[in-house]
Amino acid sequence: MSVKARPEIELLTAYRLPQTAGVKLNQNESPDDWPAELKADVLRELERLPWNRYPPVDAQPLREALAAVVGVSPGMVAATNGSNEALLALVQAFASGRTVVTTVPGYSMVPVLAVVGGARVQQVRLRQDFSLDVEAMRSAVARPDAALTVIASPNNPTGNRFDSLGIEAVLDAAAGLVVVDEAYGDFVDESFVSNVRSRPNLAVLRTFSKAFGLAGVRVGWIIGSEPVIAAVGKALPPYNLSLFAQETARAALRRPDLMSARVQRIVDERRRIEGGLRALPGVEVFPTETNFALFRTPYSAAGVFEALLHRGVLVRDVSRVPLLDRCLRVTVGTPRENDCFLDALGAALEETR
């Protein structure tokens, strides 16, 4: 007897990306590793803790620290093993057997996690300028079956932030929970966290993977009303965050100066990349408020991608996504990596032409 997965799981494609290149700029990681002294501080704390015991069951010390940062009660915060676990738990708690509404282009894992969590997916296309189609979104989220809506702002892979009044209009119309994914929220001054107290149908998702430079640690978190967080807590497995993850995230929160300095360096380099891209004939650069840039080439994105890879530079080909024909996405790297990318892209465009 053969064993088969659910039909909708069989139709999914496992998440796979090229991982090796001399200059790796395809996953929106921080270009800067953590300082050695901070790594040593975390390791010393881990040495002091017992490894034969489970960590705090719901990461209570970390949740208290996160709550203090944003000015809410610990009961309004859930800590998760990366933002993907947060999204899956939200689907399982609120939308299994019902519909998840999201944008396209949008974060590519949302439809996948919705299906894995047993939900249906409705994608609402952005406008040609990548702005939110507010009326189309309001129509989609108002349906009784629309149990969960996910809007990334700033958006990935387009890089732009959506108008806050448009998101407010979606919240007003929504029949279910609306999640504003602020994975790149540390690169802008605006956040929906302050709206959570007055909006019981709002949750905000944040991560330590981008501005904090902790993609390898895998820590995400949700801010929402206490009933929302209580429901998510039932969907999350116990002890979902290791001692290492909890202690490292707490150490990061104690040094906000490092995060803000890192963000400023990335923004400065991003602007330099944008200028370099605009100087290349036929290249269109889109506005971004993240740690990456989206650009359209005059030639096949696949051809340019391969020409870059041949030169040891790995970026992300997003040209199969609606509205993103001939588009590539590049993460802001170190100054040396960014120079290598711009030089390689100029040569790749000549070769592709």
Side-chain angles (χ1 to χ4, degrees), residues 6-9 11-12 83-84 86-185 190-193 195-196 198-205 222-225 227-228 231-232 235 286 294 318 320-325:
R6 290 158 37 203
E8 59 270 32
I9 298 296
L11 292 173
L12 294 176
S83 57
N84 285 338
L87 287 165
L88 181 58
L90 286 160
V91 172
Q92 292 170 326
F94 293 97
S96 291
R98 296 188 283 175
T99 299
V100 172
V101 178
T102 190
T103 67
V104 61
Y107 179 40
S108 63
M109 285 302 297
V110 172
V112 175
L113 293 168
V115 170
V116 171
R120 296 177 291 276
V121 180
Q122 180 178 356
Q123 292 180 300
V124 178
R125 187 173 291 210
L126 299 179
R127 295 190 182 277
Q128 203 67 33
D129 63 356
F130 303 153
S131 64
L132 201 63
D133 188 334
V134 176
E135 290 311 310
M137 284 294 292
R138 281 173 57 87
S139 176
V141 304
R143 295 172 182 170
D145 190 56
L148 184 69
T149 298
V150 181
I151 301 172
S153 183
N155 190 36
N156 176 20
T158 58
N160 59 303
R161 174 165 46 107
F162 297 131
D163 178 67
S164 58
L165 293 178
I167 297 177
E168 292 275 7
V170 173
L171 280 159
D172 288 338
L177 181 68
V178 176
V179 177
V180 178
D181 181 353
E182 295 184 348
Y184 302 92
E190 185 177 81
S191 172
F192 268 82
V193 170
N195 299 61
V196 168
S198 60
R199 292 277 194 177
N201 67 331
L202 168 67
V204 177
L205 181 59
I222 308 167
I223 309 101
S225 68
V228 166
V232 168
F286 297 98
L294 178 74
V318 294
R320 294 181 181 86
V321 178
L323 304 180
L324 302 187
D325 181 52

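For Ser96 (side chain) and Gly117 (main-chain N/O), a donor-acceptor pair under 3.5 Å exists by modelled atom type. Formation of a donor-acceptor pair under 3.5 Å by the Arg161 side chain with backbone atoms of Asn155 is not found in this model. Panel note: side chain Asn201, backbone Val178; no donor-acceptor pair is recorded below 3.5 Å. Proximity of a side-chain donor or acceptor of Arg125 to a complementary backbone N or O of Ala136 within less than 3.5 Å is not detected.
The OG atom of Ser164 sits 8.5 Å away from the CG atom of Asn195 when rounded to the nearest 0.5 Å. Atoms CZ and OG1, from Arg120 and Thr99 in turn, are 4.5 Å apart once rounded to the nearest 0.5 Å. The distance from atom CZ of Arg138 to atom CG of Leu132, rounded to the nearest 0.5 Å, is 11.5 Å. In this structure, CG on Leu205 lies 7.0 Å from CG on Leu90, to the nearest 0.5 angstrom. With rounding to the nearest 0.5 Å, the separation of CG in Leu148 from CD in Gln92 is 11.5 Å.
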query: Hey, mind stepping through Asp181 and Ser83 against side-chain contact (heavy atoms from CB on, under 4.5 Å) and telling me if it holds?
result: CA-CA 9 Å; Asp181 181 353; Ser83 57; 5.5 Å; no
task: Kindly indicate, with the supporting measurements, whether the criterion side-chain contact (heavy atoms from CB on, under 4.5 Å) is fulfilled by Asp172 and Arg199.
output: CA-CA 9 Å; Asp172 288 338; Arg199 292 277 194 177; 2.7 Å; yes
- request: Evaluate the side-chain contact (heavy atoms from CB on, under 4.5 Å) criterion for residues Val196 and Val228: first the C-alpha distance (whole Å), next the side-chain angles of each, then the deciding distance (0.1 Å), finally the verdict.
  value: CA-CA 11 Å; Val196 168; Val228 166; over 6 Å; no
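Looking at heavy atoms from C-beta onward, Tyr107 lies out of side-chain contact with Val112 at the 4.5 angstrom threshold. The closest side-chain heavy-atom distance from Arg143 to Val101 is not below 4.5 Å. Residues Val116 and Leu12 meet the side-chain proximity criterion, which asks for heavy atoms closer than 4.5 Å. Looking only at side-chain heavy atoms (C-beta outward), Phe94 and Val232 come within less than 4.5 Å of each other. Side-chain contact between Phe286 and Asn160 is absent, with no heavy-atom pair separated by less than 4.5 Å. Contact of the Met137 side chain with the Thr103 side chain is registered, since non-hydrogen atoms from C-beta on lie closer than 4.5 Å. Counting heavy atoms from C-beta outward, Val134 and Phe162 have side chains that stay 4.5 Å or more apart.
Using a cutoff of 4.0 Å between basic side-chain nitrogens and carboxylate oxygens, Arg127 and Asp133 are scored as salt-bridged.
Under the side chain to side chain contact (heavy atoms under 4.5 Å, CB included) test applied with Phe192, the options Val204, Val179, Ile151 reduce to a single match, Val204.
Here the shortest heavy-atom pairing between Gly106 and Pro157 reads O-CD, 3.7 Å. Nearest heavy atom pair, residue Ala203 against residue Ile222, reads CB-CG2, 4.1 Å.
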